[in-house]
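Worksheet for the structure shown next.
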Amino acid sequence: MNLLAELRRRFAQALEKLDNEAISAAQWEELARLVLPCQHPRFGDYQANLAMPLARQLRRPPAEIARQLGELADVSPWCLPPEVTAQGFINLRVSDERLAALLHDLLPDERLGVPLAAPPLSYVIDYSAPNVAKPMHVGHIRSTVIGDALYRTLKFLGHRVIGDNHLGDWGTQFGMIIYGYRHFRDPQAYARQPVAELGRLYRLVNQLIEHEEACAQLPELKRRAAATKQSLEQAEAALRAVPPTDSAGQKRAAAVRRKCEAALAAAEAELAEARARIQAVESDPQLASLAAAHPQIGAAVLAETARLHAGDPENVRLWREFLPACRAEIDRIYARLGVRFDVTLGESFYHDRLPQVVDELLARGIAQHSEGAVCAFVPDMPAPMIVRKRDGAFLYATTDLATIQYRMEAWSPDVILYVVDHRQSEHFRLLFAVARRWGYQQVALHHLSFGTVLGEDGRPFRTRSGDTVGLESLLDEAVARAYRIVCENDDQKPDGPELSEEERRQVAETVGIGAIKYADLSQHRTSDYVFSYEKMLATKGNTATYMQYAYARVRSIFRKGGEQPEAIRALAPPIMITSPAERALALLLVRFPEALADVVEDFCPNKLTAYLWELANSFSTFFEECPVLRAPTTELRQSRLALCDLTARVIRRGLDLLGIGVCEKM
RNA sequence: GCGCCCGUAGCUCAACGGAUAGAGCAACGGACUUCUAAUCCGUAGGUUGCAGGUUCGAAUCCUGCCGGGCGUACCA
């Protein structure tokens with residue numbers, strides 16, 4: 001049961017009973033949303049803040065309205081009689097007796113009190129979506145982890161959910177490895193380890209293309225750096241020319257100078273990057289000769305891609321040969337991450353549909369020819385959505401439209417969620433607008449954007465040499481650090497180490513992967529965050545490790561006491577609330593359903609991490625203050641064991657919904 | 001230039017239009033003969049970028065400014 005939702009219902013009923021024509025029925029539910037959890041326990045557990053906004057409408061003092069609503073609202077049996085303040089707040093406190101009863105009911109409940117959604121909706125979640133020909137990197141973490149957490153949570157709430165991995169399996173990257181395969185492959189290496197060899201070919205071709213582009217851009221970049229330098233000098237001169245008495249003028253000129261400084265820094269950085277790319281190839285004789293032997297490699301790669309798309313038998317054959325190996329590679333990483341999909345329909349799946357999509361858009365007047373391309377113009381958007389290029393090729397925008405069409409035909413979902421980084425928000429605004437005009441008006445389309453993973457320097461997370469960081473090496477590093485922490489802790493246990501080497505490895509894997517996922521999920525989805533092994537593996541604070549530790553402590557109590565959780569559940573002892581620590585823990589246990597409702601309200605998993613952190617913290621306090629095995633009476637011991645069991649189950653379930661595991665010992 | 005997002009404790013971040021803005025890290029002071037100290041308890045730290053406005057009530061909504069990130073017609 002969701003207690004908050006229930007109290008809101010009661011207050012909506014109270015408004016109805018108020019029988020005041022000034023308040024429309026439509027307002028009841030809206031006002032009832034002003035029943036909220038208290039920010040501070042001194043005011044109680046929940047508060048109803050609806051008297052204040054009603055005061056003007058009803059032309060009566062808020063305190064008086066609050067008193068009346070407090071009487072009309074039937075908050076029994078859960079809450080004590082409401083207390084009303086002079087400002088008009090209605091404070092609600094859950095009665096200890098009922099709290100105990102609620103927990104007692106929770107004990108045998110597999111769902112831990114979480115109600116099934118009524119009615120259930122059907123969702124398609126589009127997440128992860130890496131390009132399969134290149135190794136997965138740090139940039140894929142967020143989409144994968146957030147999407148998976150939302151998938152699990154929506155499913156647990158009883159919705160019909162289809163997790164769809166919209167792979168990039170049809171793009172230029174395949175042109176690159178086809179080209180690489182034709183010209184640079186090492187047959188023995190390919191026979192031995194095809195994925196590694198394809199990865200090498202991808203990186204090699206990519207490097208040669210970057211070299212070619214950098215060479216081509218170099219004069220322009222030099223020119224731009226010189227020009228920005230000049231405008232900076234002008235801006236500085238202009239600033240000096242402003243008389244000191246003109247403070248407004250000074251400010252304006254200083255702002256211009258700052259802008260020029262930033263532009264110069266950007267131009268110089270770009271120039272430096274281009275030079276580094278050229279240097280990387282030319283300092284290596286082998287690479288340099290390859291670059292010389294393959295001029296126009298960029299165009300050649302595009303031609304290979306075009307031949308693939310046009311159905312050239314040899315390129316299609318190679319694509320079919322490469323794809324399984326590439327898929328196996330990412331599947332291995334998904335297995336390690338514990339991420340699953342219901343379907344994996346990559347871009348290639350929609351290839352056949354693209355011409356019809358464009359034709360249909362043209363026929364219905366949604367798109368038109370413009371400068372040789374086919375474009376869908378949308379009011380209030382500065383640029384159109386281009387669905388076919390001048391050269392006749394389709395774009396990912398076209399694929400995205402075809403994907404919506406297919407998903408609607410195949411599953412007719414109520415909601416489609418796209419877990420994709422914030423830089424694509426404009427693309428999605430266009431996409432959704434065009435989809436609406438195309439006739440998909442019922443389905444809710446949400447772009448769940450997220451921020452960038454930053455390094456400790458505040459710049460997007462990269463290696464020291466400036467490369468993106470491979471996802472797998474990230475996992476390995478986190479696990480390696482977790483292993484050191486596990487060993488250090490186990491060696492220091494008062495009764496000596498209790499983990500075997502094998503167990504230590506397993507714990508380290510669970511803790512390390514959990515740390516990475518949790519660090520990501522505990523940030524607000526939309527903000528950037530700084531990637532730090534130190535912080536994510538910290539043993540105090542809002543980390544997976546802390547939750548996992550709390551879970552392990554509970555399990556340890558059961559082990560030491562020779563108790564079985566199933567036995568406690570079957571016994572279903574009365575719950576006794578004898579201290580503030582017990583009460584705080586008990587109330588949080590009852591509020592698990594609220595946390596999950598919060599998560600899906602705006603698709604923010606950090607609501608769940610915040611809840612779990614509070615719960616685990618509350619348990620730690622309880623652990624310090626309330627002896628379980630040595631409780632003064634058998635009844636209290638059993639009651640506390642029941643609290644422990646529920647805590648462990650909520651933590652385990654909560655972490656599971658985030659895609660994070662637990663350990664019995666750590 | 002235009003568009004989108006962001007500015008909260010020294011640092012990293014929470015906060016649903018609600019009461020005295022919360023955590024963690026770092027700092028300081030306590031608690032292991034007691035179920036895992038990977039812990040707990042306490043102290044200190046704030047003009048929520050600035051200025052207006054809306055509201056009974058604003059970190060939250062609106063306007064302007066300052067500062068930052070990202071995106072801006074044929075890449076994905």
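Letters A, B, ... mirror the listed sequences (proteins, then strands); counts begin at 1.
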(message) For the residue pair A:Asp528 / A:His422, report whether a side-chain donor-acceptor contact shorter than 3.5 Å exists.
(response)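 No.
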(message) Assess, by modelled atom type and distance only, whether the side chains of A:Glu582 and A:Thr578 contain a donor and an acceptor separated by less than 3.5 Å.
(response)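 Yes, A:Thr578 and A:Glu582 have a side-chain donor paired with an acceptor closer than 3.5 Å.
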What nucleotide among [options] has an atom nearest to a side-chain atom of [X]?
X	options	value
A:Lys560	B:C35, B:U39, B:C56	B:C35
A:Ser556	B:A14, B:A19, B:U36	B:U36
A:Arg56	B:A19, B:U39, B:C56	B:C56
A:Tyr549	B:A37, B:A15, B:U34	B:A37
A:Phe623	B:A19, B:U36, B:C16	B:U36
A:Gln87	B:A73, B:A19, B:A38	B:A19
A:Lys607	B:U36, B:A19, B:A15	B:A15
A:Lys540	B:C75, B:C35, B:G24	B:G24

Considering only the [atom1] atoms, how many Å lie between [N] and [M], rounded to the nearest integer?
N	M	atom1	value
B:A44	B:G52	P	32 Å
B:C65	B:G3	P	11 Å
B:U20	B:U63	C1'	30 Å
B:C41	B:U47	C1'	31 Å
B:A51	B:U12	P	23 Å
B:C61	B:U39	P	36 Å
B:A9	B:A26	C1'	12 Å
B:A58	B:C35	C1'	47 Å

In whole angstrom, give the distance that lies between atom [atom1] of [X] and atom [atom2] of [N].
X	N	atom1	atom2	value
A:Met52	B:C16	CE	C1'	14 Å
A:Lys493	B:A37	NZ	P	11 Å
A:Phe619	B:U39	CZ	C1'	11 Å
A:Ile90	B:G18	CD1	C1'	13 Å
A:Phe43	B:A19	CZ	C1'	4 Å
A:Leu34	B:G18	CG	P	9 Å
A:Glu664	B:C35	CD	C1'	16 Å
A:Gln548	B:U39	CD	P	13 Å

(request) Let me know, please, whether A:Pro53 or A:Ser370 comes out on the 5' side of the other along RNA chain B by nearest nucleotide. (result)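 Its nucleotide being nearer the 5' end, the pick is A:Pro53.
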(request) Map A:Arg388 and A:Ala482 onto RNA chain B by nearest heavy atom, then report which one ends up closer to the 5' terminus. (result)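 Result of the comparison: A:Ala482.
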(message) Between B:A19 and A:Phe89, is there a base-stacking contact, meaning the centre of the base's six-membered ring lies under 5.5 Å from the residue's ring centre while the planes stay under 30° apart?
(response)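 Stacking is present between B:A19 and A:Phe89, given that their ring centres fall under 5.5 Å apart and the planes under 30°.
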Taking 4.0 Å as the cut-off, does a side-chain nitrogen or oxygen of [X] come that near to OP1 or OP2 on [N]?
X	N	value
A:Asn489	B:A38	yes
A:Arg423	B:U72	no
A:Tyr546	B:C40	yes
A:Asn131	B:C75	no

Under 6.0 Å between ring centres, would you say that holds for [X] and [Y]?
X	Y	answer
A:Tyr350	A:His166	yes
A:Tyr418	A:His446	no
A:Phe43	A:Phe89	no
A:Tyr396	A:Phe394	no

(request) From the options A:Thr543, A:Thr545, A:Asn542, select the one residue that forms a side-chain hydrogen bond (donor to acceptor under 3.5 Å, both in side chains) with A:Tyr518. (result)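 Of the listed options, the one satisfying the test is A:Asn542.
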Atom [atom1] of residue position [X] - does it have more than 12 heavy atoms of other residues, nucleotides or ligands inside 6.0 Å?
X	atom1	answer
A:Glu6	CD	yes
A:Glu29	CD	no
A:Arg60	CZ	yes

Regarding [X], tell me which of base, sugar-phosphate or nothing describes its non-hydrogen contacts under 4.0 Å with the strands shown.
X	answer
A:Gln424	base
A:Ala550	nothing
A:Asp598	nothing
A:Asp495	nothing
A:Leu395	sugar-phosphate
A:Asn91	base

(request) Can you label the angle between the A:Tyr533 ring and the A:Phe531 ring as parallel, tilted or perpendicular, going by 30° and 60°? (result)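 Plane angle over 60°, so perpendicular.
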Provide the Watson-Crick or G-U wobble partner of [N], both distances under 3.5 Å; none if there is no partner.
N	result
B:G7	B:C66
B:C2	B:G71
B:C61	B:G53
B:A21	none
B:U47	none

(request) Test for a donor-acceptor pair under 3.5 Å between the base of B:A19 and the side chain of A:Gln47, counting only N and O atoms. (result)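 A donor-acceptor contact between them is present.
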Please enumerate all protein N or O atoms sitting under 3.5 Å from an N or O of nucleotides 2-13 of chain B, with distances to 0.1 Å.
from, atom 1, to, atom 2, distance (Å)
B:C13, OP1, A:Asp528, O, 3.4
B:C13, O3', A:Gln523, OE1, 3.3

(request) Before giving the answer on salt bridge (charged side-chain N to carboxylate O under 4.0 Å, His left out), spell out for A:Arg525 and A:Asp520 the whole-Å C-alpha distance, their side-chain angles and the decisive distance to 0.1 Å. (result) CA-CA 8 Å; A:Arg525 183 165 52 73; A:Asp520 201 303; over 6 Å; no
(message) Just confirming the chi classification of B:C4, syn or anti, using 90° around 0 as the syn window.
(response)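 This nucleotide is in anti.
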